[in-house]
Enquirer: 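A single structure is presented below for examination.
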Amino acid sequence: MTVLVLGGTGEARELAAALVADGMTVVSSLAGRVARPRLPQGETRVGGFGGIDGLADHLRTQAVRAVVDATHPFAATISEHAAQACGRVGVPLLRLARPGWASEPEAPRWHWVDDHACAARTAAGLGRRVLLTTGRQRLAEFTGPLTDHDVLARVVDPVEVPLPARWQVFLDRGPYALAGERELMERHRTEVLVTKDSGGDHTRAKLDAAGALGVAVVVVRRPAPPAGVRTVSDVAEARRWLSAPPG
Ligand SMILES: NC(=O)c1ccc[n+]([C@@H]2O[C@H](COP(=O)([O-])OP(=O)(O)OC[C@H]3O[C@@H](n4cnc5c(N)ncnc54)[C@H](OP(=O)(O)O)[C@@H]3O)[C@@H](O)[C@H]2O)c1
């Protein structure tokens with residue numbers, strides 16, 4: 001009997017390590033988006049399941065006893081698929097999602113938007129020099145509104161879409177510290193920072209640096225989680241739930 005951890009995050013790796021230490025059989029699932037992923041302890045499988053049907057089949061054939069959806073808060077499709085597939089097959093599902101940044105003291109001063117397209121339009125009106133940290137997959141939504149801006153796009157893997165001439169790409173991977181974030185923004189003379197509400201500590205230093213330097217901040221709100229799925233915000237709670245999952 002196996003616990004399936006839908007991963008791709010630091011919390012997922014932390015949970016896998018804790019469960020391996022507890023002596024459980026853990027399989028972590030990665031989408032396969034990142035060229036050189038940090039691998040969790042325990043077994044790993046890589047690649048999509050083939051939609052809800054494929055995931056439901058996987059749960060049945062692999063005798064999965066419980067699923068923890070520890071994917072990134074913006075990975076809305078796989079979270080919805082997990083809710084549907086687990087519901088169909090009758091496998092208990094827990095969502096492990098780190099808290100967002102909405103309760104940070106500076107949050108009321110940030111420009112909160114509902115999606116990436118709105119973030120692009122909002123950033124375009126706030127300044128000419130933009131530090132874009134929303135990831136590689138949605139860059140195409142920013143290129144139109146920010147064509148003539150001096151954009152520094154920080155991404156983990158090389159970008160595959162054509163980018164405007166004034167844009168620069170900077171390959172890097174967190175965690176990031178305040179001094180480095182401050183130095184980056186000073187060197188680029190950043191006027192606007194664009195981020196998702198990813199939450200957690202690995203990438204939050206940019207928000208502190210922006211606050212200290214008077215940089216405007218645009219934050220994309222999280223997508224709504226699937227209805228009716230129990231959610232916890234830390235690994236210890238997930239571990240407790242797994243010690244006696246419902247059903
Ligand atoms: N979105 C972000 O900002 C972000 C940031 C950091 C890390 N990540 C990680 O990167 C992965 C992909 O994120 P995304 O936003 O592209 O996902 P997504 O849009 O929610 O999912 C798209 C498809 O990718 C496959 N998939 C996603 N996560 C998977 C997983 N853990 N294991 C197996 N298949 C998975 C599924 O394919 P099938 O339908 O074929 O099963 C899913 O339908 C996730 O694991 C997430 O935790 C995402």
Side-chain angles (χ1 to χ4, degrees), residues 8-9 31 33-34 71-80 97-176 178 181-182 184-225:
T9 59
R33 297 274 191 285
V34 176
T71 56
H72 191 272
F74 279 78
T77 304
I78 188 68
S79 291
E80 181 58 36
R98 64 183 93 138
W101 290 317
S103 53
E104 293 289 322
E106 294 274 312
R109 281 194 278 280
W110 301 336
H111 301 261
W112 289 84
V113 296
D114 283 338
D115 56 38
H116 289 73
C118 188
R121 290 193 301 275
T122 304
L126 287 169
R128 297 210 55 77
R129 305 191 62 83
V130 179
L131 176 58
L132 194 51
T133 65
T134 42
R136 173 176 69 114
Q137 290 188 63
R138 310 293 292 270
L139 277 185
E141 291 176 67
F142 291 90
T143 50
L146 297 174
T147 300
D148 297 322
H149 287 62
D150 292 291
V151 173
L152 181 58
R154 180 165 68 188
V155 291
V156 174
D157 281 319
V159 173
E160 283 144 8
V161 293
L163 297 177
R166 301 184 72 91
W167 283 41
Q168 288 172 267
V169 171
F170 176 48
L171 298 189
D172 203 358
R173 174 189 270 190
Y176 301 106
L178 179 59
E181 295 296 68
R182 205 180 154 124
L184 176 70
M185 289 183 202
E186 283 175 335
R187 189 158 27 91
H188 171 246
R189 291 181 283 122
T190 303
E191 293 168 342
V192 188
L193 166 69
V194 185
T195 178
K196 299 183 287 206
D197 182 20
S198 296
D201 291 333
H202 274 212
T203 58
R204 63 151 285 164
K206 61 189 170 189
L207 296 165
D208 296 333
L213 296 172
V215 167
V217 177
V218 179
V219 185
V220 183
R221 285 191 187 88
R222 292 180 171 195

Enquirer: Could you walk me through whether Glu104 and Arg204 pass the side-chain contact (heavy atoms from CB on, under 4.5 Å) test, one step at a time?
Expert: CA-CA 10 Å; Glu104 293 289 322; Arg204 63 151 285 164; 2.7 Å; yes
Enquirer: Is the charged tip of Arg154 near the ring of Tyr176: under 6.0 Å from the six-membered ring centre and within 45° of its axis?
Expert: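 Here Arg154 passes the 6.0 Å and 45° test against Tyr176.
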Enquirer: Checking the side chain of His149 only, and the main-chain atoms of Ala124 only, is there a donor and an acceptor separated by less than 3.5 Å?
Expert: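 Yes, His149 side chain to Ala124 backbone: donor-acceptor pair under 3.5 Å.
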Enquirer: How about Thr133 and Thr203: do any of their side-chain heavy atoms sit closer than 4.5 Å?
Expert: no
Enquirer: Mind checking whether Phe142 and Leu132 have side chains closer than 4.5 Å, heavy atoms only?
Expert: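 Side-chain contact under 4.5 Å: yes.
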Enquirer: Looking only at heavy atoms, which two atoms of Gly127 and Val192 are closest? And how far apart?
Expert: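 Closest heavy-atom pair between Gly127 and Val192: N-CG2, 3.6 Å.
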Enquirer: Can you run down the side-chain hydrogen bond (donor to acceptor under 3.5 Å, both in side chains) pairs that involve residues 117-128, sequence neighbours left out, and say none if there aren't any?
Expert: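 Qualifying pairs, neighbours excluded: none.
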Enquirer: Applying the side chain to side chain contact (heavy atoms under 4.5 Å, CB included) criterion to Arg136, which one of Asp157, Leu171, Val156 satisfies it?
Expert: Asp157
Enquirer: Mind listing the closest non-hydrogen atom pair of Leu152 and Phe170 along with its distance?
Expert: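 Shortest heavy-atom separation between Leu152 and Phe170 comes out as CD1-CB, 3.8 Å.
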Enquirer: Are any of the side-chain heavy atoms of Asp197 and Pro73 separated by less than 4.5 Å?
Expert: no
Enquirer: Working to the nearest 0.5 angstrom, can you tell me the gap between Gln168 CD and His188 NE2?
Expert: 6.5 Å
Enquirer: Please confirm whether the backbone N or O of Thr195 pairs with a side-chain atom of Thr134, one donor and one acceptor, at under 3.5 Å?
Expert: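 Checked: no pair found.
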Enquirer: Quick one, His72 and Arg98 - any side-chain contact, counting heavy atoms below 4.5 Å?
Expert: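 Yes - at least one pair of side-chain heavy atoms lies under 4.5 Å apart.
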Enquirer: Would you say that Asp150 contacts Arg166 through its side chain, given a criterion of any heavy-atom pair below 4.5 Å between the two side chains?
Expert: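 Sidechains of Arg166 and Asp150: in contact.
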Enquirer: State, to 0.1 Å, how close Val194 and Ala123 come at their nearest heavy-atom pair, and which atoms those are.
Expert: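 Residues Val194 and Ala123, closest heavy atoms: CG2-CB, 3.7 Å.
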Enquirer: Looking at Trp167 and Thr143, would you say the former's side chain and the latter's main chain have a donor-acceptor pair under 3.5 Å?
Expert: no
Enquirer: Quick check: closest heavy atoms across Thr190 and Val215, and the distance to 0.1 Å?
Expert: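 That closest heavy-atom pairing would be O-CG2, 3.3 Å.
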Enquirer: Does any part of the side chain of Leu126, heavy atoms only, come nearer than 4.5 Å to the side chain of Val218, both counted from C-beta?
Expert: yes
Enquirer: Counting distance only, does the side-chain N/O of Trp101 pair as donor-acceptor with the main-chain N or O of Gly200 below 3.5 Å?
Expert: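 Confirmed, Trp101 side chain pairs with Gly200 backbone.
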Enquirer: Where the side chain of Trp112 meets the backbone of Ala107, is there a donor-acceptor pair that is under 3.5 Å apart?
Expert: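 Checking the backbone N and O of Ala107 against the side chain of Trp112, a donor-acceptor pair under 3.5 Å is found.
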Enquirer: Can you confirm whether Glu106 sits close enough to Val217 that some side-chain heavy atom of one is under 4.5 Å from a side-chain heavy atom of the other?
Expert: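 They are not in contact (no side-chain heavy atoms under 4.5 Å apart), so the answer is no.
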Enquirer: Measuring from Leu163:CG to Leu146:CG, what's the distance to the nearest 0.5 Å?
Expert: 11.5 Å
Enquirer: Using modelled atom types and a 3.5 Å cut-off, is there a donor and acceptor pairing between side-chain atoms of His116 and backbone atoms of Ala140?
Expert: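 Not at all, since once roles are kept as given, no pair shorter than 3.5 Å links the two residues.
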Enquirer: Which heavy-atom pair separates Leu178 from Ala209 by the least distance, and what is that distance?
Expert: CD1-N, 3.5 Å
Enquirer: Nearest 0.5 Å, please: how far is CZ in Arg221 from CG in Asp114?
Expert: 5.0 Å
Enquirer: Are any of the side-chain heavy atoms of Val34 and Arg173 separated by less than 4.5 Å?
Expert: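 Yes, their side chains come closer than 4.5 Å.
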